[in-house]
Protein chains: 2
Amino acid sequence: MVLPRAAKTQRRTRIQEEKEERILEAALEVFSASGFRGSTIDQIAEVAGMSKPNLLYYFRTKEAMHRALIDRVLDTWLDPLREFNAEGNPVAEIRSYIRRKLEMARDFPRESRLFANEVLQGAPHIEDELKGPLKQLVDEKAEVIRAWAKAGKIANCDPYHLIFAIWSTTQHYADFDVQVRAVLGQEHAGEGRFEDAARFLERLFVDGLQVRE
Amino acid sequence: MVLPRAAKTQRRTRIQEEKEERILEAALEVFSASGFRGSTIDQIAEVAGMSKPNLLYYFRTKEAMHRALIDRVLDTWLDPLREFNAEGNPVAEIRSYIRRKLEMARDFPRESRLFANEVLQGAPHIEDELKGPLKQLVDEKAEVIRAWAKAGKIANCDPYHLIFAIWSTTQHYADFDVQVRAVLGQEHAGEGRFEDAARFLERLFVDGLQVRE
DNA sequence: TGATAATTTGACCGGTTGGTAAACATTACA
DNA sequence: TGTAATGTTTACCAACCGGTCAAATTATCA
């Protein structure tokens, strides 16, 4: 047999499982650092420690690799927003959403950059996901926020732009990491910037900048 | 003579002026959409309406084009932060900084994406600019903000993270434009999103989300 | 163990990419 | 106007890139 490539014997081999895993891990490393066009199969092969034809045995094309990677990562990526709970205390919910997003920026920066690269370059490969599942999820959560505002539980604000603001401020620490490091300099070298950011953002979103007593 | 390419006769020809302008405009279009590695000289040549060797007559390499473009754009890009005025009213200064940054996201999205692409991919070509001029400018303005906080004129917050928050929230509307459009959908199709964003962000930074009377 | 299926590799292919060489065309200017 | 400097183009090259192929190697299991 020459072209097993899954969906053949129905069952996936142990080797298939392992190798596809290794490839997607390498693909994440490379795609997140260089974007789709900027990445080469050879780079991914080198990171994965396999030969190029071997990669192409598991994923027929570069696009297929990218697609599989995105499918695998997108769900996880949206989890924090899904956890957003209509029943909870509004301010506490927003606060913990910020915290979760910031933790993801710290622990999964490559995933963040994968999407950032993609969206930045016009989202040619994930347009459907954006207009479909993503939009639906955001619409749903925006409705929750709007209800909170209407009930007077939080300030009356545009829920979509609130979500954008949380996304951008938190993902900034993953996507623009080199810039953040460069500006903070050696003196703030450690990982403490994530705690500083958490403190700052929680306060910003809850209290704003104005002084009051 | 075969290699005039500027710095020869000291004076730049009218043709040189015009063509370099056209090339950099085209380079901005292409680099901002695809990043450095993802862009090709042929693409830029086509957008500029010249032949590839003709481009290479004015800029010896792709890198030289990219460098010239960044040098030209960086100053303009940092102008809003430079205008940040220590003497003014703190809240008003922050508010107008947000407004200026948002106007830049609306009017110069390509410039924003150019830097976003670059930073996202590890800033291989602008590391020096980040650690040098950018850091210095931010350090200076952070000191201003810190003084305001110390004087009790604004809430006591980390000035660096405040600047990051303003950068990220405003640039988001340029860098992640497709995502913003996809999520907002057809109903918010016009350019009104920038005004909505301005309203939201000014209120967020000044008042936070909490309700008060 | 042996045969069959699954996996891996080296050699290769056509198209693209950054860049060059040299001939050709145009402009500036004495 | 003539000529030297400047600007433009065609043809080309070597390296790279996505992908194929057939042969070789390894795993599976009757």
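Every chain is numbered from 1, with letters handed out A, B, ... down the list of sequences.
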Rounded to whole angstroms, how far apart are [atom1] on [X] and [atom2] on [N]?
X      : N       : atom1 : atom2 : result
K19(B) : dT9(D)  : NZ    : C1'   : 12 Å
M50(A) : dT9(C)  : CE    : P     : 9 Å
Q16(A) : dT28(D) : CD    : P     : 11 Å
E17(A) : dA27(D) : CD    : P     : 18 Å
R22(B) : dG7(D)  : CZ    : C1'   : 13 Å
N54(B) : dT27(C) : CG    : C1'   : 14 Å
L55(B) : dT20(C) : CG    : C1'   : 15 Å
E20(A) : dA6(C)  : CD    : C1'   : 13 Å

F164(A) vs W167(A) aromatic rings, parallel, tilted or perpendicular, using cut-offs 30° and 60°?
->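 Ring orientation of F164(A) relative to W167(A): tilted.
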Could you tell me how the ring of H66(B) sits relative to the ring of F31(B): parallel (under 30°), tilted (30 to 60°) or perpendicular (over 60°)?
->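 Perpendicular, since the angle between the ring planes exceeds 60°.
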Does Y57(A) have a side-chain nitrogen or oxygen under 4.0 Å from the phosphate oxygens OP1 or OP2 of dT9(C)?
-> no
Do any side-chain nitrogens or oxygens of S51(B) fall under 4.0 Å of OP1 or OP2 in dT9(D)?
-> yes
By ring-ring contact (aromatic ring centres under 6.0 Å, His included), which residues pair with F84(B), not counting sequence neighbours?
-> Y97(B), W148(B)
Who passes ring-ring contact (aromatic ring centres under 6.0 Å, His included) against Y160(A), sequence neighbours left out?
->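 Y160(A) satisfies ring-ring contact (aromatic ring centres under 6.0 Å, His included) with no other residue.
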K62(B) (side chain) donor-acceptor with F36(B) (main chain) under 3.5 angstrom |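 Such a contact is found between K62(B) side chain and F36(B) backbone.
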Picking from L130(B), L120(B), V119(B), what satisfies side-chain contact (heavy atoms from CB on, under 4.5 Å) with F176(A)?
-> V119(B)
Can you give one letter per nucleotide of nucleotides 14-19 of chain C, going 5' to 3': B for a protein heavy atom under 4.0 Å from the base, S for sugar-phosphate only, - for none?
-> ---SBB
